[in-house]
> 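Below are the structure tokens for one structure; questions will follow.
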Amino acid sequence: MPEIGEAGQRRLLASSVLVLGAGALGTVASMYLAASGVGRIKVVDFDNIDITNLQRQLSYSEADLGKSKVITLTERLRAINSEIKVQAVNQFVKPGDLANLMQGSDLVLECSDNPDTKYAVTSAAEAQGIPYVLGGVAQWRGQVMDWAPGHARYSDFFPVGADSNGYTPCSIGGVFGPAPGIVASIQAAEAIKLLTGAGVPLLDRLLLIDTLKMNFRTISY
């Protein structure tokens with residue numbers, strides 16, 4: 001594709017992406033990044049695979065139950081593309097860990113499942129000037145936004161505390177299986193665009209997705 005071309009492919013190969021979360025969003029988005037030729041991918045998560053994950057976390061199967069998510073996912077990424085470098089970080093991440101985890105990254109893919117983590121991750125990325133692509137899913141709905149220095153932040157769209165009111169995790173509130181797949185695919189697309197300079201990224205815009213009504217709308221900051 002001319003918008004990416006050989007130069008863009010070389011930029012992808014030279015890029016390093018930090019994926020925070022190996023759940024529904026992180027599994028799908030990271031597979032697209034590996035397949036697209038992103039040279040270095042670091043995936044961080046602490047959880048193990050449970051049967052309830054399989055409805056939406058498509059890197060895993062029944063044979064993987066009880067295994068580490070991040071170890072299993074990174075093995076899958078290496079199987080997709082043996083020419084890239086993949087690193088697994090199997091740990092529970094505290095806000096104080098984020099700065100070190102982000103060192104050397106060209107982009108952060110924020111794939112957590114709760115607002116508090118999103119605030120911590122986005123604040124740490126903003127402090128280091130590292131662009132991020134954020135995704136979120138709840139039941140039938142999803143959201144995606146990008147950030148780069150000089151543009152609207154996650155906290156501009158969701159002032160601290162506002163997004164936590166009434167928050168229900170997917171494990172309790174449920175989630176429509178294909179919804180995170182849609183969000184994660186868009187996250188991967190936005191990451192590739194930011195890394196290569198192709199197209200118009202979701203900067204200063206929040207994309208809202210409703211799969212029940214199948215409608216997409218964008219809020220500009």
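Position 1 is the first residue of the sequence; numbering continues from there.
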> Looking at every non-hydrogen atom in both residues, tell me the closest pair between S105 and L101 and how far apart they are.
OG-O, 4.1 Å
> Quick one: does S220's side chain have a donor or acceptor within less than 3.5 Å of a partner on R205's backbone?
no
> Is it the case that atom CG in L212 sees more than 12 heavy atoms from other parts of the structure closer than 6.0 Å?
yes
> Between T74 and I71, is there a donor-acceptor pair closer than 3.5 Å when you use the side chain of the first and the backbone of the second?
yes
> What pair of heavy atoms forms the shortest contact from R56 to V175, and how long is it?
CD-CG1, 3.2 Å
> Between V108 and V28, is there shared hydrophobic-cluster membership here, with clusters defined by ILVMFWY side-chain heavy atoms closer than 4.5 Å?
no
> Could you check if a side-chain atom of V89 sits within less than 4.5 angstrom of a side-chain atom of V70, using non-hydrogen atoms only?
no
> As an exercise, state the distance from CD1 of I182 to CZ of F216, rounded to the nearest 0.5 Å.
5.5 Å
> Are any of the side-chain heavy atoms of Y154 and M145 separated by less than 4.5 Å?
yes
> The test is side chain to side chain contact (heavy atoms under 4.5 Å, CB included); show your working for L20 and L18 and say whether it passes.
CA-CA 6 Å; L20 284 162; L18 173 64; 4.0 Å; yes
> Would the distance check show the side chain of E110 and the main-chain N or O of V121 forming a donor-acceptor pair, the cut-off being under 3.5 Å?
no
> Answer whether the closest heavy-atom distance between the side chains of E3 and K193 falls below 4.5 Å.
no
> Start with the C-alpha distance between L195 and V17, add both sets of side-chain angles, then the distance that settles side chain to side chain contact (heavy atoms under 4.5 Å, CB included), and finish with yes or no.
CA-CA 9 Å; L195 292 169; V17 175; 3.8 Å; yes
> In terms of hydrophobic clusters joined by side-chain contacts under 4.5 Å, are L13 and L33 together?
no
> Donor-acceptor check, side chain of S82 to backbone of R78, threshold 3.5 angstrom: yes or no?
no
> Test side chain to side chain contact (heavy atoms under 4.5 Å, CB included) on S155 and T122 and set out the steps.
CA-CA 8 Å; S155 58; T122 55; over 6 Å; no
> Is P178 close to T211 at the side-chain level, that is, under 4.5 Å between some pair of heavy atoms?
no
> Measure from the side-chain N and O atoms of N215 to the backbone N and O of D210, and report whether any donor-acceptor pair falls under 3.5 Å.
no
> Linking I/L/V/M/F/W/Y whenever any side-chain heavy atoms sit under 4.5 Å apart, do M1 and I186 land together?
yes
> Tell me the closest heavy-atom pair linking T196 and R11, and the distance in Å.
O-NH2, 2.8 Å
> Look at the rings of W147 and Y132 and say which category their plane angle falls in: under 30° parallel, 30 to 60° tilted, over 60° perpendicular.
parallel
> Is atom CZ of R40 surrounded by more than 12 heavy atoms (other residues, nucleotides or ligands) closer than 6.0 Å?
yes
> For A22 and D45, work out which heavy atoms get closest and say how close.
N-OD2, 2.6 Å
> Verify the neighbour count for atom CE of M214: are there more than 12 heavy atoms of other residues, nucleotides or ligands below 6.0 Å?
yes
> Has the side chain of E190 got a donor or acceptor atom that lies under 3.5 Å from a matching backbone atom of V144?
no
> Please evaluate residues I49 and T72 with respect to the criterion side chain to side chain contact (heavy atoms under 4.5 Å, CB included), reporting the C-alpha separation (whole Å), side-chain torsions for both, the decisive distance (0.1 Å), and the verdict.
CA-CA 9 Å; I49 300 163; T72 305; 3.7 Å; yes
> What distance do I4 atom CD1 and L12 atom CG have between them, rounded to the nearest 0.5 Å?
6.5 Å
> Check whether any side-chain N or O of Q143 sits under 3.5 Å from a backbone N or O of G136 as a donor-acceptor pair, and report yes or no.
no
> Is L65 close to Y60 at the side-chain level, that is, under 4.5 Å between some pair of heavy atoms?
no
> Got a donor-acceptor contact below 3.5 angstrom from the N100 side chain to the D97 backbone?
no
> Distance check, rounded to the nearest 0.5 Å: K85 atom NZ versus L77 atom CG?
16.0 Å
> When you look at CZ of R141, are more than 12 heavy atoms from neighbouring residues, nucleotides or ligands closer to it than 6.0 Å?
no
> Taking atom OH of Y32 as the centre, report whether more than 12 heavy atoms of other residues, nucleotides or ligands fall under 6.0 Å from it.
no
> What is the distance from atom OG1 of T218 to atom CG of D204, rounded to the nearest 0.5 Å?
12.5 Å
> Which heavy atom of I41 sits nearest a heavy atom of V19, and at what distance?
CG2-CG2, 4.0 Å
> Can a donor-acceptor pair be found, under 3.5 Å and without considering hydrogens, that links the side chain of N81 to the backbone of A35?
no
> Look at the side-chain heavy atoms of Ile, Leu, Val, Met, Phe, Trp and Tyr, link any pair under 4.5 Å apart, and say whether L73 and F46 land in one connected group.
no
> Kindly compute the distance separating CD1 (I192) from OG (S36), expressed to the nearest 0.5 Å.
3.5 Å
> Rounded to the nearest 0.5 Å, how far apart are CZ of R153 and OG of S123?
8.0 Å
> Closest heavy-atom contact between A191 and L107?
CB-CD2, 3.9 Å
> Would you find a donor on one side and an acceptor on the other, under 3.5 Å apart, between the side chain of K118 and the backbone of S112?
yes
> Looking at side-chain heavy atoms only, is the closest gap between V133 and L194 below 4.5 Å?
yes
> Going by heavy atoms in the side chains, are K69 and N48 under 4.5 Å from each other?
no
> Is it true that L206 and W140 fall in one hydrophobic cluster, defined by side-chain heavy atoms closer than 4.5 Å?
no
> Side-chain contact test, heavy atoms from C-beta onward, threshold under 4.5 Å: evaluate it for K42 versus S16 and give yes or no.
no
